Asker: 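I'd like to ask you about the structure that follows.
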Amino acid sequence: MQVAIIGIVNHDTIRMAGGEELQDLGGILYNAAVLANLMDVADTIHPISRIGQDCYDWLARLLAPYPNVDLSGIALAWEGTSRNTIRYDAALEKVERLINRLAPISFSQIEPFLDSDALLINFIVGNDIDRYTMQTLRARAHGLVYLDVHNLCLGIDADGYRFHRTPEHWETWMGLADVVQMNEIETRLLAGRDMTGEDDFIDFGRRIVDLGPSVCIATRGRLGAITVYRTHEDGTEALVCPPEPVERVVDTTGCGDAFAAGFLAEYLISHDPVRATRLANWTAAFNCTLAGLSEVGRFREAKNRRAEISFTD
Ligand SMILES: Nc1ncnc2c1ncn2[C@@H]1O[C@H](COP(=O)(O)OP(=O)(O)OP(=O)(O)O)[C@@H](O)[C@H]1O
Ligand SMILES: [Mg+2]
């Protein structure tokens, strides 16, 4: 199995409420590391990204533990590395500022990977790929196109500060994917209204499926996930997936990335959106118990538990 993951790798500077500062690489790195652990050693994960020379060795070191990750899709960006600062204001709301903005990943950089069984597009900076590239990719990709809406819903002001927005042409973007994933805020922004209960998510999921995708997933943090999917008879079904119980939440960063990795790991084998949602939900919940990238290796230890999950009713 071959999976390409398209999106920017950010250099994040995180200022904690107490004043301490953390430097880390983020973006699609987390998708790649979780997927590398969930998939077989014989499978290959191809991150497709742009990064500056200044951070390339760091990125290579972080992915070195995974022989099933191929770095040939990572291009050196002449603009340097995409840099993002994250701090929390008095109300503990995240304030993000993008300092160094990169040009989008071009179609020619993606072209060698069009034979992959799946292409996962995860918007990190918001213009990771442009609409023309997405349209060309859709027309020429052989495998599943999975879109994690994520920061497509974040605009950037003149000073680099990020703000929630409904992306332009969002219906076109959705219509170009087979599977779409969005969190609660993203769902609200796309729907253009408050989402109050499960029925709202199911109705909106149906609207997305009508645009072309066969699966639409709304992730709801500690409330679990709701998946609407097209049936063989061309109708739609919905699965309301309650959260997996988590004894102690350590860090919820990257839960959406872990969810996408879990979904793909199962869906590429069974093509069953119900089983894939269950595995994704378990993967994301397990991720809450880990303290970031250094602990993602624990997904391997949990392999047996994982095998049981997707079959459970
Ligand atoms: N406290 C929790 N307990 C159990 N599962 C959780 C919890 N928080 C998150 N999850 C799981 O993680 C999934 C994704 O979470 P969420 O909706 O917050 O994604 P996201 O906002 O895209 O995350 P990210 O910060 O990675 O972008 C949820 O659907 C759920 O399966
Ligand atoms: Mg997300």
Side-chain angles (χ1 to χ4, degrees), residues 5-10 12 14 24-35 38 84 86 88 92-94 96 120-126 128 146-154 162 164 167 173 177 179-190 195 198 201-202 204-205 215-228 238-266 273-293 296 299 302 305-306 309-310 312:
I5 307 173
I6 303 166
I8 289 298
V9 173
N10 267 343
D12 290 318
I14 305 145
D24 218 345
L25 289 185
I28 63 153
L29 190 58
Y30 209 74
N31 286 122
V34 177
L35 205 51
L38 292 182
N84 193 39
I86 301 168
Y88 293 87
L92 289 181
E93 288 291 328
K94 211 176 184 184
E96 281 193 68
L120 163 62
I121 300 115
N122 185 0
F123 281 93
I124 304 298
V125 287
D128 307 56
Y146 190 116
L147 171 63
D148 184 352
V149 173
H150 201 60
N151 288 345
L152 188 61
C153 285
L154 280 192
R162 317 225 53 189
H164 287 298
W173 283 106
V179 179
V180 177
Q181 175 186 330
M182 60 191 85
N183 72 9
E184 283 198 305
I185 297 173
E186 293 145 22
T187 309
R188 177 166 53 77
L189 287 166
L190 298 186
M195 309 294 284
E198 288 168 3
F201 288 95
I202 295 171
F204 188 63
V215 181
C216 174
I217 308 150
T219 63
R220 305 185 67 202
R222 58 188 172 76
L223 296 178
I226 296 180
T227 298
V228 175
L239 169 74
V240 177
C241 197
E244 279 283 310
V246 178
E247 228 166 75
R248 196 171 75 90
V249 174
V250 175
D251 186 357
T252 56
T253 314
C255 276
D257 300 342
F259 191 100
F263 191 96
L264 274 173
E266 172 61 36
V274 173
R275 285 176 56 170
T277 301
R278 289 197 183 118
L279 184 67
N281 197 49
W282 174 84
T283 307
F286 188 76
N287 184 65
C288 297
T289 68
L290 308 179
L293 200 64
V296 291
F299 277 112
R305 173 86 186 97
R306 203 174 88 214
I309 280 296
S310 50
T312 320

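Whatever order the structure lists ligands and atoms in, that order sets their numbers, starting from 1. Treat the numbers as computed from the prediction; the structure is a model and nothing was measured. Side chains included, hydrogens not; waters and symmetry mates left out as well; all remaining heavy atoms used.
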Asker: So, the side chain of Arg162 versus the backbone of Leu154: is there a donor-acceptor pair under 3.5 Å, distance only?
Answerer: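 Yes: the side chain of Arg162 pairs with the backbone of Leu154.
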
Asker: Pull up every protein N/O/S atom sitting under 2.8 Å from the Mg ion (ligand 2), skipping waters.
Answerer: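 Result, waters dropped: His150 ND1.
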
Asker: Can you spot which of Ile217, Thr219, Leu279 makes a side chain to side chain contact (heavy atoms under 4.5 Å, CB included) with Phe263?
Answerer: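 Of the listed residues Ile217, Thr219, Leu279, the side chain to side chain contact (heavy atoms under 4.5 Å, CB included) partner of Phe263 is Ile217.
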
Asker: In a simple table, one pair per line, please give the protein and ligand 1 atom names for every N or O pair closer than 3.5 Å, along with the distance.
Answerer:
| unit_1 | atom_1 | unit_2 | atom_2 | d |
| --- | --- | --- | --- | --- |
| ligand 1 | 10 (N) | Gly221 | O | 3.4 |
| ligand 1 | 17 (O) | Thr219 | O | 3.4 |
| ligand 1 | 17 (O) | Thr219 | OG1 | 2.8 |
| ligand 1 | 17 (O) | Gly221 | N | 2.9 |
| ligand 1 | 21 (O) | Asn183 | ND2 | 2.8 |
| ligand 1 | 23 (O) | Gly256 | N | 3.2 |
| ligand 1 | 26 (O) | Gly254 | N | 3.4 |
| ligand 1 | 26 (O) | Cys255 | N | 3.2 |
| ligand 1 | 26 (O) | Gly256 | N | 2.8 |
| ligand 1 | 27 (O) | His150 | ND1 | 3.1 |
| ligand 1 | 29 (O) | Gly224 | O | 2.9 |
| ligand 1 | 31 (O) | Asn281 | OD1 | 2.7 |

Asker: Hey, does Phe123 have a side-chain heavy atom less than 4.5 Å from the side chain of Leu147?
Answerer: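 They are in side-chain contact.
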
Asker: Within the structure provided, determine whether Tyr88 and Lys94 are in side-chain contact (heavy-atom separation under 4.5 Å).
Answerer: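 Side chain of Tyr88 against side chain of Lys94, heavy atoms only: contact under 4.5 Å found.
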
Asker: Any heavy-atom pair between the side chains of Leu190 and Cys153 that's under 4.5 Å?
Answerer: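 Contact flag for Cys153/Leu190 side chains = yes.
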
Asker: Any non-hydrogen side-chain atom of Asp128 less than 4.5 Å from a side-chain atom of Ile6?
Answerer: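 They are not in side-chain contact.
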
Asker: Can you find a heavy atom in the side chain of Asn287 that is under 4.5 Å from one in the side chain of Phe299?
Answerer: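 Answer yes - side chains close enough.
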
Asker: Measuring only between side-chain heavy atoms, which start at C-beta, is Phe201 closer than 4.5 Å to Val240?
Answerer: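 In short, these two side chains do not touch, never coming nearer than 4.5 Å.
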
Asker: Apply the side chain to side chain contact (heavy atoms under 4.5 Å, CB included) test between Asn10 and each candidate in Leu25, Leu29, Val125; give the one that qualifies.
Answerer: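 One option only clears the test, and that one is Val125.
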
